[in-house]
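Okay, so here's the structure we're looking at.
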Amino acid sequence: MSQKVIGVIDEVVKTATIIAKKRDWPVLPIDRNSPKGDFAIICFPAAKILKKDPSWIATEIGKILIDNEGVLSTETEKGYCNVTIDWNKIGADTILEIMGTNYGKGNVKKEKILIEHTSANPTGPFHMGRARNPIIGDSIARLLEYYGHDVSTEYYVNDTGRQAATLAFGVANYKGNGNGKKDHELVECYRSASEDLKNSEDAKSKIYEKMELIESGNKKVLNEVKDAAKMMLEGMKESLKILGTEAETYFHESDLISSGEVVKVIELLKKSNLCKEEKGAYYLDLAKENIAGRNQKFFFTRENGLSLYTTRDIAYHIDKFRRFDRALNILGEDHKLQSKLLGIALRELNSERPQALFYSFVNLPGGKMSTRAGRVVYLDDVMEQIVKLALEKLSETDLSNIDKEILAEQIGIGALRYNILKVQAEKGFTFNIDEALNLQGDSAPFAMYSHARASAILRNYSKNTPNCKLENSLVESEIRLLRTLSKWPNTVEKAVDNLAIHYIPNYIHTLASDFNQFYRDCPVIGNNNENFRINLVVCSKKILSESLSILGLKAPEIM
RNA sequence: GGGCCUGUAGCCUAGCCUGGAAGGGCGUCUGGCUUCUAACCAGAAGAUCCAGGGUUCGAAUCCCUGCAGGCCCGCCA
């Protein structure tokens, strides 16, 4: 909450505590999200001890609190004493606070944080199942940056191993259909190569030979797979760019082998007390590590002494901590165990460990999304459809065609991102295309529209924002809006502490909704409370714009 | 066999950490644009908060036991 509001509430709570203490009442809990007023004092705990009706206690407290300077009114309902603070007294100061550049920002030591997100294997175009990762990752990055950290984002490219070898084989032996995006084209080569891997012994041996050459550090083959991955990524990056979630840097797994880092990690892990060997393959024995499941052996080399995916991942994280103070990985829930194992290995190497944010998979209404069964919805197609729909809705607007196209992309992509971000990450997410294409209600366009309305008022006002002065007492919709605006810092802090991005869209919807009610009830220009209302519009526009930008969305002036 | 996550109106979802008065949205029905933008607003209907037990003045929230769904348990990535 804004400092001003916190101050008033603390003052009132203090008074209530003193009253309770004087009378030997127990400490009464506070509900800061009461359905009526600004907060409530819960009187039930005192009822049993005092053998009094809780509503009698609430009324008694109310009678005393009403004399407090910051309190406008108190109201008893059941055992609750609902307290409404006097916004007329603190309104102007609250506005001033919201206008400040630090409003909503955290008061923390700036850290260099690396967020690794997306990191999809470069084997084909993104489908919706993958879309949750870049959208959450990018928005968490923006959130932490807003809060005051120095955040970078990185995409880890898995360009070694069987899939990478298969892709390289496919690129060398097949031609794509030659039109369209690079990833949609090359995925044909990959599919043909995957078929060969299953059906042809010759192809299989070639691909496995490639794998071994990769892991043993053969420069020529390493370059070949890296190049194949890069070609595929070219197309995939285009999708990420449209989504607005492209990572700042790309880190190739193959480079960890070329540079010798992987070999170093293997040597270091062999020195761990947990390390054991079986037929030439080395593993960490996790029997005492509370690892669930059947297998407690965490292999980090093959029989032939070469590295595994996990080994390379360990090397990657050691490299991360050479570059950053903190590391955060955005991962699908299938990586939970993997992530735990990585943590143990890093602990054994006395390295710092990354934080992880897991999300559940995206399903389609009929069931799981699966490439194999052909049940796949491409991200590119969804983006195209939703932007097209936004453009249709703009058809009657008085804008140039080029402006319409830019705006339609902002609205459409924004709607897609918002739709995914508003659900908590651990919750299984069913992607319903019709729901995503619905640009009403709890959606990005709803908030963008409120922002455009605020912008319209300020355009029509066409003067500088006056110093805030309250000339008439506030009406209900003004108080509601002010109350919501005052909760922005709490919301950001909660989202940061829990790495829970969905708090932000939830807040945005409340704010936009409160603004729309204010818009209906309160004419601004020419009203005798014009000064205060203009200030309220400026604040609403500011917080709408900042909160949308955390989600990676633009706040349009017109729509 | 074991571990983690999820279960809230016809559908989607917030609230769960830190117990206190079940919030939104979609869809349905009704009403509102000559007044700062109707992608909006107002109203109505719709909920045994998966089930059962426990703790508590009080449980969607905490604990236990089930049930249902998702994910994981490879010398794959």
Side-chain angles (χ1 to χ4, degrees), chain A residues 29-31 33-36 40 42-49 54 77-80 82 121 123 158 160-164 211 253 278-283 290-297 299-304 306 308-310 312-313 332-338 340 358 360-361 363 365 368 390 393-394 397 411 415 419 422-430 432 434-435 438-446 448-450 452-461 494 497-498 500 502-503 505-506 509-510 512-513 516-517 519-527 533 537 558-559:
Chain A
I30 306 298
D31 178 2
N33 283 308
S34 61
K36 283 183 183 168
I42 300 164
C43 302
F44 298 103
K48 199 187 179 187
I49 300 166
E77 192 168 327
K78 294 184 226 169
Y80 302 94
N82 291 312
N121 286 350
T123 52
N158 301 131
T160 70
R162 192 174 62 212
Q163 288 188 327
M211 268 170 72
E253 189 182 6
E278 186 178 301
K279 295 188 222 157
Y282 287 85
Y283 66 92
N290 272 329
I291 296 297
R294 293 190 182 97
N295 197 339
Q296 319 242 289
K297 295 176 184 176
F299 281 91
F300 61 91
T301 78
R302 298 180 200 267
E303 270 182 43
N304 62 12
L306 297 176
L308 292 147
Y309 167 81
T310 330
R312 270 115 54 192
D313 206 22
E333 60 178 340
D334 55 336
H335 281 69
K336 278 188 182 176
L337 179 61
Q338 176 60 39
K340 200 169 177 181
F358 298 103
S360 290
F361 285 122
N363 293 312
K368 196 185 162 184
K393 295 218 172 193
L394 283 170
T397 325
I411 294 168
N419 188 254
K422 71 180 180 179
V423 180
Q424 65 175 74
E426 314 83 68
K427 199 137 178 163
F429 181 77
T430 303
N432 184 325
D434 294 328
E435 168 75 18
N438 187 340
L439 307 183
Q440 281 152 4
D442 186 7
S443 70
F446 179 87
M448 291 171 157
Y449 185 69
S450 300
R453 279 177 145 184
S455 306
I457 294 175
L458 299 178
R459 258 198 314 278
N460 291 328
Y461 181 67
K494 226 174 130 184
D497 289 348
N498 298 297
H502 72 283
Y503 290 139
N506 282 195
H509 182 252
T510 307
S513 182
N516 285 338
Q517 285 166 42
Y519 187 92
R520 173 204 60 195
D521 292 337
C522 302
V524 175
I525 295 166
N527 183 271
R533 287 181 177 176
V537 172
I558 296 168
M559 71 181 270

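Chain naming here is simple, since letters A, B, ... match the order of the sequence lines and numbering starts at 1 in each. Only heavy atoms go into these numbers, but all of them, side chains included; no hydrogens, no water, no symmetry mates.
- Here Ile558(A) lies in heavy-atom contact (under 4.0 Å) with a base.
- Side-chain atoms of Ser443(A) and Met448(A), non-hydrogen and from C-beta on, never get closer than 4.5 Å to each other.
- Rounded to the nearest Å, the gap between the C1' atom of C26(B) and that of U35(B) is 31 Å.
- Gln424(A) has no side-chain polar atom (N or O) that falls below the 4.0 Å cut-off from OP1 or OP2 of C16(B).
- Proximity of Val537(A) to Tyr461(A): side-chain heavy atoms (C-beta onward) are nowhere separated by under 4.5 Å.
- Among the atoms of the strands shown, none is found under 4.0 Å from any heavy atom of Ile291(A).
- Atom CE in Met559(A) sits roughly 18 Å away from atom P in C36(B) (whole-Å rounding).
- When the P atom is used for both G66(B) and C72(B), the distance is 24 Å, rounded to whole Å.
- Separation of the C1' atoms belonging to C5(B) and C41(B) is 39 Å when rounded to the nearest angstrom.
- Counting any heavy atom pair closer than 4.0 Å across all strands shown, Gln440(A) reaches sugar-phosphate atoms only and no base atom.
- With C75(B), C5(B), G70(B) as the choices, the nucleotide that has an atom nearest any side-chain atom of Glu333(A) turns out to be G70(B).
- Going from the C1' atom of C62(B) to that of G1(B) covers 29 Å, rounded to whole Å.
- The aromatic rings of Tyr80(A) and Phe44(A) sit perpendicular to each other, their planes meeting at more than 60°, with 30° as the lower class boundary.
- Using a 4.0 Å heavy-atom distance criterion, Gln296(A) is classed as making no nucleic acid contact.
- OP1 and OP2 of A77(B) both lie 4.0 Å or more from every side-chain N or O belonging to Tyr309(A).
- Using a 4.0 Å heavy-atom criterion, one finds that Arg312(A) contacts the sugar-phosphate atoms exclusively.
- Within the shown strands, C26(B) is the pairing partner of G10(B) under the Watson-Crick or G-U definition, both distances less than 3.5 Å.
- Look at G1(B): its Watson-Crick or wobble partner, with both distances under 3.5 angstrom, is C73(B).
- For the OP1/OP2 pair of C41(B) and a distance below 4.0 Å, the side-chain nitrogens and oxygens of Asn516(A) include at least one atom meeting the criterion.
- Across G27(B) and G7(B), the matching C1' atoms stand 22 Å from one another, rounded to whole Å.
- Between Arg520(A) and C36(B) there is no side-chain polar atom (N or O) within less than 4.0 angstrom of OP1 or OP2.
- Look at Phe361(A) and the base of G70(B); the rings do not stack under the cut-offs of 5.5 Å between centres and 30° between planes.
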For this session: Apply side-chain hydrogen bond (donor to acceptor under 3.5 Å, both in side chains) to Asn158(A) and Arg312(A), showing your working.
Result: CA-CA 10 Å; Asn158(A) 301 131; Arg312(A) 270 115 54 192; over 6 Å; no
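- Asn82(A) contributes a side-chain N or O that forms a donor-acceptor pair with the base of A21(B) under 3.5 Å.
- Using a 4.0 Å heavy-atom cutoff across all strands shown, Phe44(A) reaches at least one base atom of the nucleic acid.
- Atom CZ in Arg302(A) sits roughly 5 Å away from atom P in A77(B) (whole-Å rounding).
- Residue Val423(A) has its side chain nearest to A14(B) when only A14(B), C71(B), C72(B) are considered.
- For U61(B) and U8(B), the P atoms lie 14 Å apart once the distance is rounded to whole Å.
- Between Lys297(A) and Glu278(A) there is a side-chain heavy-atom pair separated by less than 4.5 Å.
- Within 4.0 Å (heavy atoms only), Glu303(A) reaches at least one base atom of the nucleic acid.
- Rounded to whole Å, atom C1' of U37(B) lies 9 Å from atom CZ of Arg459(A).
- Within 4.0 Å of Ala47(A), counting heavy atoms only, lies no atom of the nucleic acid at all.
- The side chain of Asn460(A) places an N or O atom within less than 4.0 Å of a non-bridging phosphate oxygen (OP1 or OP2) of U37(B).
- Phosphate contact (OP1/OP2 of A14(B), side-chain N/O of Lys427(A), threshold under 4.0 Å): present.
- Base engagement by Ile525(A) is indicated by at least one non-hydrogen atom pair under 4.0 Å involving a base atom.
- Here His502(A) reaches the OP1 or OP2 of G15(B): one of its side-chain N or O atoms lies under 4.0 Å away.
- Distance check on atom P: C50(B) versus A60(B) gives 10 Å, rounded to whole Å.
- Here G74(B) presents its C1' atom at 14 Å from CD of Gln163(A), a figure rounded to the nearest Å.
- Going from the P atom of U37(B) to that of G32(B) covers 22 Å, rounded to whole Å.
- Residue Met448(A) is classed as having no contact, given no heavy-atom separation below 4.0 Å to the nucleic acid.
- Contacts of Leu308(A) with the nucleic acid, taken as non-hydrogen atoms under 4.0 Å apart, involve only primed sugar atoms and P, OP1 or OP2.
- Note on Arg453(A): a side-chain N or O is less than 4.0 Å away from OP1 or OP2 of A38(B).
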